[in-house]
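Working notes, beginning with the structure itself.
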Amino acid sequence: MDNTTGFALTPVNHNHTNSSCSRDNVLKTVVFPVLYSLLFLLGLSLNGLAVWVFFSIPSRSHFIIYLKNIVVADVLMTLTFPFKVLSDSNMASVGLRVFVCRVSSVLFYLTMYISILFFGLISIDRCRKTLQPFKGTNAARLSHRKLLSGVIWCSLLALSLPNMVLTSRSPTSVYFKCSDLKTAAGLRWHEVVNHVCQVIFWGNLVTVIVCYALITKELYSSYARASRAGTGNGKRQPRRKSVSSNVFLVLAVFFVCFVPFHFSRVPYTMSQTRGRMFDCNLKLFFFQLKESTLWLSSLNSLLDPLIYFFLCKSFRTTLFKKLRLRPGTCSWLTGIGPDPNTGSTPLGDSSACP
Ligand SMILES: Nc1ncnc2c1ncn2[C@@H]1O[C@H](COP(=O)(O)OP(=O)(O)O)[C@@H](O)[C@H]1O
């Protein structure tokens, strides 16, 4: 390992690093770097495609504004993966690993909570659109949503910035953890940020569940009304099935990607800031649990473009137009063919979006 940063490092304590408590096992140095490299390659391609598509769709709805924010957050998150790969596989210099603790990991978490917050806002917007389908928007409301987006980015940046600034101690050995680089105030702030982020996550999860429960209820009662009125026909049944399974898909992604991480984060943060309460094997266990569930959270940056494709009609339409494909392409995959009359779902263009 080269020391290219000018930090004064003490000789490596091989007894410690070779002990069963060392983080440098095959999971951290091989398995996750390979998994993050895959995420990086696939995520960059899919999110690059999503940027290409979304930025030719004008921001004419709250929904599109929120989706664009998620795309930007996902691209930034994806760009942090190579740093994590190099750092975890021990291929990075000490300076690069310090950079990972100070900057790229913080950016990773920042973008993750940006996505979570915008997912919550999207659910509220979809719910409003389903319950009040004829209430449109106007230029003033669109500007408010853009302002809200700016406020969310700035607030999370302000919350995260001290995690960069207070990670200011120099490493004393080539084997260090991010928490070793934090001042006492830095460790306290790290704990506070993690509590705030838990509140953000669980608050948004409740919002998503409540909104999708209301959407599902409204969709089923509107179909029941349509059937009673004699307008229901054989063709509509598959659409109802597809809308409800789409709703389930969004919830499933939210649960798989984020719930495990937020359970494992609590004991891990405690092991970082109140180290004396835990023996080294327990600390290692919580670290590995946090790393495994963090990969699931990172997987969200890859699943988001798939969600846009499967659930967002305007995304699909623009994508097919850009690739010069027929509008009905992949209807076997999406389960939704072109509507011969209106080309839209019963609740409007983006009603089946997350
Ligand atoms: N929710 C968060 N928001 C912003 N920054 C965070 C958050 N959680 C952790 N960080 C910062 O990211 C860096 C890496 O944190 P962490 O993953 O806990 O460390 P480690 O990589 O040693 O397990 C640290 O500087 C930490 O303060």
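What you are looking at is a predicted structure, and each value in this text was computed from that prediction instead of being measured.
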Check: Lys322 main-chain N/O paired with Trp52 side-chain donor or acceptor under 3.5 Å: no

Result block: side-chain N/O donor-acceptor pairs under 3.5 angstrom for residues 256-264, not counting sequence neighbours:
{"unit_1": "His262", "atom_1": "ND1", "unit_2": "Phe258", "atom_2": "O", "d": "2.8"}
{"unit_1": "His262", "atom_1": "NE2", "unit_2": "Tyr113", "atom_2": "OH", "d": "2.7"}
{"unit_1": "Ser264", "atom_1": "OG", "unit_2": "Pro260", "atom_2": "O", "d": "3.4"}
{"unit_1": "Ser264", "atom_1": "OG", "unit_2": "Phe261", "atom_2": "O", "d": "3.1"}
{"unit_1": "Ser264", "atom_1": "OG", "unit_2": "Thr293", "atom_2": "OG1", "d": "2.8"}

Close side-chain approach of Glu191 and Leu187, heavy atoms under 4.5 Å: no

For the student: nearest non-hydrogen atoms of Leu302 and Leu39, plus distance: CD2-CD2, 3.8 Å

Any donor-acceptor pair under 3.5 Å from Ser105 side chain to Cys101 backbone: no

Geometric class of the Phe286/Phe278 ring pair [parallel <30°, tilted 30-60°, perpendicular >60°]: perpendicular

Within-4.5 Å side-chain heavy-atom neighbours: Ser179 and Thr273: no

Nearest non-hydrogen partners of Leu294 and Phe108, listed with the distance: CD1-CE2, 3.4 Å

Salt bridge flag under 4.0 Å for residues Lys28 and Asp24: yes

Distance-only donor-acceptor check, side chains Lys283 and Ser271, under 3.5 Å: no

Side chain to side chain, Ile152 and Leu121, heavy atoms closer than 4.5 Å: yes

Under 3.5 Å side-chain donor-acceptor pair for Ser149 and Asn69: yes

Distance under 6.0 Å and angle within 45° of ring axis: Arg145 vs Tyr66: no

Validation row: Phe32, Ser292 side chains within 4.5 angstrom (heavy atoms): yes

Arg60 atom CZ: more than 12 heavy-atom contacts under 6.0 Å: no

Note, Pro305 side chain near Val71 side chain (heavy atom, < 4.5 Å): no

Nearest non-hydrogen partners of Asp74 and Ser115, listed with the distance: OD1-OG, 3.6 Å

Phe176 side chain reached by Arg97 side chain, heavy atoms, under 4.5 Å: yes

Side chain proximity check, Val85 to Phe40, heavy atoms < 4.5 angstrom: no

Main-chain N/O of Thr167 paired to Arg102 side chain as donor or acceptor, under 3.5 Å: yes

Path from Leu214 to Ile122 over hydrophobic side-chain contacts below 4.5 Å: no

Exceeds 12 heavy-atom contacts within 6.0 angstrom, atom CZ of Phe99: yes

Atom NZ of Lys321 with >12 non-hydrogen neighbours under 6.0 angstrom: no

Plane angle bin for Phe309 and Phe320 - parallel if under 30°, tilted between 30 and 60°, otherwise perpendicular: perpendicular

Side-chain donor or acceptor of Asp180 paired with backbone N/O of Lys177 under 3.5 Å: yes

Side chain to side chain contact (heavy atoms under 4.5 Å, CB included) evaluation trace for Met77 with Asn47: CA-CA 10 Å; Met77 179 188 270; Asn47 281 298; over 6 Å; no

Exercise: do Ser59 and Lys68 side chains pair donor with acceptor under 3.5 Å: yes

Donor-acceptor pair between Trp295 and Glu291 side chains, under 3.5 angstrom: no

Exercise: identify the closest heavy-atom pair between Ser56 and Pro58: O-CD, 3.7 Å

Heavy-atom pair of closest approach, residues Ser87 and Val100: CB-CG2, 3.8 Å

Side-chain donor-acceptor contact under 3.5 Å, Tyr36 with Ser298: yes

SG atoms of Cys127 and Cys211 less than 2.5 angstrom apart: no

